[in-house]
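Here's the structure, in structure tokens; my notes come after.
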Amino acid sequence: MTPGRPPARPAPAPEPDPTADQASKDAMSNATTVSPAHSASTASTLITNIAALVTNDPSLGDGSPLGLIQDAAVVIEGDRVAWTGDQSKAPATDNRVDAGGRAVLPGFVDSHSHLVFAGDRTQEFNARMSGRPYSAGGIRTTVAATRAATDEELERNLTRYLTEALHQGTTTFETKSGYGLTVQDEARALRIAAAHTDEVTYLGAHIVSPDHADDPAAYVALVTGEMLDACAPYARWIDVFCEKGAFDGDQARAILTAGKARGLHPRVHANQLSYGPGVQLAVELDAASADHCTHLTDADVDALANSRTVATLLPGAEFSTRAQWPDARRLLDAGVTVALSTDCNPGSSFTSSVPFCIALAVRDMRMTPDEAVWSATAGGAAALRREDIGRLSAGARADLLLLDAPSHVHLAYRPGVPLVSGVWRRGLRVL
């Protein structure tokens, strides 16, 4: 799949909004709304005076994968984009918002996160920055804290990070279980997550549970049996950490195949710490994404380029572990569809900031600013096999963000600066 080519699977129903209490926030500094005539569910809104509009529709604007339109406007009707184009041709609407010469982009699609957890791993991070290498064993620390937490504590932590991400422009997110590793704890993690998003992933196969350290085969049987039965009703996806120290290729295939039989579609933590079978397995099983993709052979790259599987790159993990950067340039030049996500988790990438990951991808993974922005929006949508998000053209869900800058390039040009000054989600202004 190449940038601009839509994913094949139809869009699912929209996920519930964790920030509905913010929907009434309809004021933003330096932007003006006039003549509100109807309720948010029926009113039409024109956002005009947009210096640069990223549509991710190559049939629009400059014809690039970003479909960039200068001096643009967007019309929102209900929860959908009704029109995009030159502001001089904009139709009349009930409401009007002046973007003040700023840039507008689709909301970020964070297609890989681990947000249902308790505790943190500050001491581990501090030690690692002193020279200790990252290993999968650190996950056990979070497992212990998560098991000890109440449902209320886990949900409070989840919503904290969702709000944090929203303020940085994320309007769609995927999140996983994987810090419970018992039937009860995995099921409750997914139940909590499912109250906030449809993009829920069962990751009972994060590591072999400490309870089964001496009998990995028994844990695989649990993950593919009783645990899967308890978790499948809450999830859309199934994932596995296919890596030395976690699950080998045969174990991963058994887990993903069992999930597919229950209607869960595969995703794979693949080739993060070493060369291995993860990417090839992802392509074999038509996984929506192979995530990390740091250590790749030419055959791995070719397999991705000739499949629907998206390579999801997670530069926050390399930043936080001082590990080798994925070679995004190699993947892109081969025609692989690339997504960028945060991998927000307490151990190896404790950031919820997609803008930060865009800056890292441009600086250290040899992506252009255009490619990085596309990958964090349309690429993330492709990694979730969604057609209704990650773009701003007619019929798309009205998820968009306003930058306090005249161009999307500022996301990489001004790293660390909080540039997101407005967010609409399903047509409602939430920031």
Check for a donor-acceptor pair, side chain of [X] on one end and backbone N or O of [Y] on the other, with a separation under 3.5 Å.
X	Y	result
Arg414	Leu419	no
Ser113	Leu115	no
Asn157	Ala118	no
Ser289	Arg267	no
Tyr234	Tyr202	no
His206	Gly178	yes
Asp404	Ser421	no
Thr45	Ile76	no
Arg140	Ile207	no
Arg366	Asp327	no

Dump the intermediate steps for side-chain contact (heavy atoms from CB on, under 4.5 Å) on Thr377 and Arg391, then the final yes or no. CA-CA 7 Å; Thr377 52; Arg391 64 183 175 92; over 6 Å; no
What class does the angle between the rings of His269 and His292 fall in, given that below 30° is parallel, 30 to 60° is tilted and above 60° is perpendicular?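 Ring orientation of His269 relative to His292: tilted.
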Give the ring-plane orientation class for His114 versus Tyr179, where under 30° counts as parallel, over 60° as perpendicular and anything between as tilted.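 Ring orientation of His114 relative to Tyr179: tilted.
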Distance in Å, [X] [atom1] paired with [Y] [atom2], rounded so as to fall on 0.5 Å steps:
X	Y	atom1	atom2	answer
Asp399	Leu105	CG	CG	12.5 Å
Trp325	Leu360	CH2	CG	4.5 Å
Asn345	Arg121	CG	CZ	6.5 Å
Asp71	Leu53	CG	CG	11.0 Å
Lys176	Glu199	NZ	CD	10.5 Å
Leu332	Trp374	CG	CH2	9.0 Å

If you apply the rule side-chain contact (heavy atoms from CB on, under 4.5 Å), what do you find for Lys244 with Leu273, and how did you get there? CA-CA 8 Å; Lys244 294 176 183 177; Leu273 306 178; over 6 Å; no
Can you tell me if [X] and [Y] form a side-chain donor-acceptor pair at under 3.5 Å?
X	Y	result
Thr201	Asp239	no
His112	Asp343	yes
Glu186	Ser177	yes

Can a salt bridge be assigned to the pair [X] and [Y] using a cut-off of 4.0 Å between side-chain N and carboxylate O?
X	Y	result
Asp298	Arg330	yes
Arg147	Asp211	yes
Asp79	Arg397	no
Arg128	Glu124	yes

Working for side-chain hydrogen bond (donor to acceptor under 3.5 Å, both in side chains), residues His295 and Asp300: CA-CA 9 Å; His295 300 276; Asp300 293 332; over 6 Å; no
Flag side-chain contact, heavy atom, 4.5 Å: [X] against [Y]:
X	Y	answer
Arg308	Arg385	yes
Val223	Ser209	no
Glu371	Arg329	yes
Val109	Arg386	no
Pro415	Arg363	no
Leu392	Asn56	no

State which residue, out of [options], fulfils the side-chain contact (heavy atoms from CB on, under 4.5 Å) condition with [X].
X	options	result
Leu400	Thr171, Ile47, Val54	Ile47
Val268	Asp291, Ile238, Leu256	Leu256
Glu155	His196, Arg191, Arg188	His196

Go through the steps to decide whether Gln168 and Ser353 satisfy the test side-chain hydrogen bond (donor to acceptor under 3.5 Å, both in side chains), and finish with yes or no. CA-CA 6 Å; Gln168 298 172 93; Ser353 175; 3.0 Å; yes
Let's go through Thr170 and Ser352 carefully: what are the C-alpha distance in whole Å and the side-chain angles of both, what is the deciding distance for side-chain contact (heavy atoms from CB on, under 4.5 Å) to 0.1 Å, and is it a yes or a no? CA-CA 9 Å; Thr170 297; Ser352 59; over 6 Å; no
Thr342 and Phe108: side-chain contact (heavy atoms from CB on, under 4.5 Å), yes or no, with the steps? CA-CA 11 Å; Thr342 64; Phe108 297 128; over 6 Å; no
